[in-house]
Amino acid sequence: MKYEVAIGLEIHLELQTKSKLFCGCSTTFGREPNVNCCPICLGLPGTLPVFNRRAIELAVTAAIALNSAVSDQSRFDRKNYHYPDLPKAYQISQYEQPLARGGFLEIESEQSFKKIKLERVHLEEEAGKLIHSGSSILGSEYSLVDYNRAGIPLLEIVTAPDIRSGREARLFLEDLRLLLLYTGASDCKMEEGSLRCDANISLRPSGLSSLGTKTEVKNMNSFRAVETALNFEAKRQEAILKAGGSIAQETCHWDEAKKETIPLRGKEGSSDYRYFPEPDLLPLTLDRALIQNISEQLPELPLQRRTRLKQQYGLEAGEAGLFTENRALGDFFESAAEEYSNYRSLAKWVRGDLLYQIRESGKPVEEIQPKQLIELLTLLDQETINRPVAKELLSEMVKSGKGPKELVKEQGLERVSGREKLMPLVERVVAENPAVVEKYLQGKDKAISFLVGRVMALTGGRADPGEINKLLKEKISQ
Amino acid sequence: MELYQKTAANLSLMLQKKEVSSVEVVQSFLDRIELVEPHVKAFITHTPLIALETASAVDKKRLLGEDLHPLAGVPIAIKDNLCTAGLRTTCASRILENFIPPYDATVVEAIKRAGMPLLGKTNMDEFAMGSSTENSAFFSTANPWNLDKVPGGSSGGSAAAVSTGMAPLALGSDTGGSIRQPASFCGLIGLRPTYGRVSRYGLIAFASSLDQIGPLSLTAHDSALLMDVVAGYDPLDSTSLPEAVPDYAAGLEGEIKKLRVGVIKQNLADGFNPEVKAAVLKLVALLGANGAEIDEISLPLADYGLGAYYLIAPSEASSNLGRYDGVRYGYNAGGDNIEVMFSRTRGEGFGPEVKRRIIIGTYALSAGYYDAYYLQAMKVRTLIRRDYEAAFKKFDLLVGATTPTPAFNIGEKADDPLQMYLSDICNINDALAGVPSLSVPSGIDSCGLPLGMQMTAPPSREGLLLKIAGFLEQKRDPFPLRPRVKLSEGGEL
């Protein structure tokens with residue numbers, strides 16, 4: 001029997017605000033423990049939450065970018081449970097009336113587009129973080145709590161079980177990350193925990209519409225881990241089903257070292273969070289004008305940008321993809337393209353040599369002036385310099401920040417061209433290498449490359465090999 | 001007349017005229033506390049040094065001719081569920097016995113800004129859960145009119161302190177009657193303002209959608225003066241009302257327009273103490289004689305209020321009190337692992353009534369029971385609110401008894417939670433509706449215990465309640481407002 005995989009993701013993203021969701025504390029990552037705290041986010045008796053309007057705007061921005069329907073009125077609820085990292089013993093979250101419902105994200109998978117539907121998008125607060133004395137919670141003698149993170153605004157996105165493979169899950173997350181980077185809602189750093197993902201996964205016989213029994217996979221700490229963990233879990237479930245067994249509904253822990261999902265049997269009782277409306281906050285009323293305004297101010301999103309780059313500049317899919325993923329590089333390209341119309345050549349230079357030099361030098365692309373590249377390409381087009389020199393100049397340009405014309409002058413790199421400059425050099429090389437000339441005359445065409453190389457060396461690499469080739473053949477044939 | 005016997009308004013005038021210094025005023029109250037407190041036990045924490053410091057600072061400013069608040073130099077006692085920076089705030093609970101908040105409640109900031117010397121933090125039922133102050137983890141407070149009786153609760157310490165002249169003014173909190181019921185038992189004015197009128201920031205939560213801070217005082221004028229200090233919008237409390245606050249003290253002046261008064265049938269029910277009812281009707285008749293239109297009204301859903309309240313308040317409490325786990329502050333019983341530490345800390349830290357309500361609330365919010373209990377109670381609450389809206393289309397004011405009986409004996413209801421809950425029967429619906437409600441003394445019964453009448457007004461009309469209470473103070477047949485504290489060993493204070 002063939003099985004179809006159904007995966008639904010539950011994604012948590014820290015919104016990129018300066019202050020926390022319900023108090024004025026800083027959200028700066030990586031500071032010493034328990035300094036970004038105040039009586040409110042520590043849940044001291046008598047304190048009360050007050051909305052951070054910026055967090056709400058960012059959440060609405062993200063929801064709109066995800067095509068999710070933002071509700072005029074949503075509500076906050078308390079999710080009650082006891083844990084040392086949860087200062088109030090409840091998390092302020094949204095349960096019955098989330099910020100936004102529905103929506104989708106279109107991903108490009110195997111050359112075709114696919115819409116992954118969303119169930120809901122809602123806003124909640126982060127918990128603190130436990131630091132265990134041992135290497136893991138088991139056998140740990142004591143644990144310390146850091147509340148710096150407690151109260152940072154968190155966006156939860158829940159997808160429908162529309163995802164069919166680990167690879168699709170990864171593509172979804174990559175596209176989601178890019179989308180949210182574009183909207184400025186989150187920095188989506190999985191390594192800093194500002195993007196986290198759990199998955200529900202089940203198998204069903206192909207063609208069946210009802211879902212099979214699912215497991216929940218946790219502890220996937222990178223996009224790659226999501227892909228491998230879900231593929232592993234799908235295989236694990238398939239093996240059980242093929243052997244006539246049945247799947248137990250349970251939570252599995254992805255073990256990155258062993259590369260396997262480990263069911264946490266018996267660890268998960270069915271939790272009852274005793275949700276009820278948060279009495280310390282009024283319902284969140286969003287005025288239509290605000291939603292409209294945010295919607296209008298939404299920047300161009302990745303999918304639109306990719307499509308536009310292809311159409312507007314005739315870029316290849318790979319180039320359009322690169323200039324979308326690497327937004328700054330794309331912006332550089334577009335800025336240069338305003339004054340340089342050979343888009344194909346420009347794109348090649350930007351994605352090739354320029355990107356290489358940027359990576360080598362570690363210099364951000366924002367510090368490089370598009371007009372310098374245009375200047376360089378123009379020198380090349382006018383045959384003032386040749387291609388190898390252009391490459392070298394680009395490297396210099398990126399390192400020093402000096403303009404190409406200035407560098408050409410400084411280093412005397414103008415191209416050596418023209419019969420009167422080159423012919424004497426050609427004559428000298430022919431005279432000095434009679435044996436090679438003889439070989440060429442005997443029909444060994446390749447021998448001429450050696451002679452071209454000699455002439456090039458005499459010009460310091462500043463001549464055009466084609467021109468030298470022509471002059472050499474002319475000289476030898478005399 | 002000693003300084004401690006004077007009203008806050010009187011003291012304010014004397015201070016402004018420089019007839020007396022704030023240090024002298026405070027000293028008079030401190031002397032009174034020394035004498036009376038051992039018999040009444042109204043305070044959990046005494047703060048004589050803080051009071052004297054504030055008083056002397058105010059006196060200096062007055063000498064320099066600085067602009068001062070009318071209540072500057074007039075001392076106050078506050079309930080021990082209001083957070084005070086650097087000063088222990090216990091909520092009368094073992095679990096917070098040594099809790100020192102790093103911040104002031106908004107109302108505490110306000111009284112500090114006004115220059116009011118703090119005499120101490122008053123006793124209460126643990127986490128404000130109770131109607132007699134017997135649920136304090138530390139000790140019970142006695143009713144100054146009869147030391148064998150309870151002062152009411154949960155703001156019993158605040159009521160007893162004002163009643164005996166240990167403080168001219170006090171702040172309490174009212175979730176389902178905790179200001180009005182003790183005010184009635186001790187013969188005071190006690191005001192529960194409109195929900196949102198006074199910031200809850202820094203009030204240790206019992207039931208967030210019901211808690212309100214309000215004044216207790218000897219006269220309506222004194223409560224109005226204190227409301228002028230504490231009422232108003234607070235950006236730190238999302239549920240605080242944004243609308244502007246009137247000048248309550250100034251609002252006491254002037255004519256009362258023709259009133260339509262509705263006497264709530266359920267709050268003068270058959271089972272109520274006859275003397276309680278007679279005293280209320282006498283004041284109602286006085287209003288009638290002064291031009292008010294009097295009619296009877298029945299609130300159709302009133303009988304369901306108590307049931308709804310004892311689901312909603314414990315539900316919120318079960319969540320609000322979850323944070324007391326020994327991890328960050330407060331009592332910690334220790335334990336080998338986190339579950340043991342949590343359960344031991346909470347098991348030893350909370351008293352029986354608090355545990356009872358946490359369990360009720362946890363149950364009412366549980367999956368499978370939520371719809372039948374919490375949700376149903378919230379629907380009842382909405383309907384009760386509508387009852388009030390309808391009633392206030394016909395009436396400007398609703399009146400009835402504050403409590404079915406005068407103060408009961410210490411220990412009388414301690415083992416019968418339901419009887420205890422019923423002592424708030426008249427107070428709860430106003431709280432559920434979020435409307436302002438005030439208890440005004442209505443007389444003294446044949447046993448020498450004070451009686452009270454409760455008046456309820458539409459949202460944000462606490463000014464009207466204070467004005468009518470002031471009017472009644474002037475027009476009613478006189479009766480003593482202060483007790484002689486009779487000691488069991490003989491003699492009186």
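Values below: all heavy atoms of this structure, side chains included; hydrogens, waters and symmetry mates excluded. Convention: sequence-line order gives letters A, B, ...; per-chain numbering from 1.
The two residues A:Asp272 and B:Ser366 come nearest to each other via the heavy atoms OD2-CA, 3.4 Å. Taking every heavy atom of both residues into account, B:Ser238 and A:Leu281 meet most closely at OG-CD2, 3.7 Å.
Considering B:Ser209, B:Ser319, B:Ser315 in turn, B:Ser209 is the only one that fulfils the side chain to side chain contact (heavy atoms under 4.5 Å, CB included) rule with A:Pro279.
In this structure, the portions of A:Pro84 lying under 4.5 Å from any heavy atom of chain B include both its backbone and its side chain.
The 12-atom threshold is exceeded at CG of B:Asn337, counting heavy atoms of other residues, nucleotides or ligands nearer than 6.0 Å. Sparse packing is recorded around OH of B:Tyr373, with 12 or fewer heavy atoms of other residues, nucleotides or ligands lying under 6.0 Å away.
For the set B:Thr89, B:Thr106, B:Ile204, the count of heavy-atom pairs under 4.5 angstrom toward chain A peaks at B:Ile204. Taking chain A as the reference chain and counting heavy-atom pairs below 4.5 Å, the highest number among B:Leu96, B:Leu375, B:Leu210, B:Thr362 is found for B:Thr362.
Annotation: A:Phe276 is not in aromatic contact with B:Tyr370 [ring centroid separation under 6.0 Å not met].
Side-chain contact, B:Arg323 with A:Tyr90: a donor N or O sits under 3.5 Å from an acceptor N or O. Using modelled atom types, one finds a donor on one side chain and an acceptor on the other under 3.5 Å when comparing B:Arg328 with A:Tyr147.
Relative ring orientation between A:His82 and B:Phe342 is described as tilted, the plane-to-plane angle lying within the 30° to 60° band.
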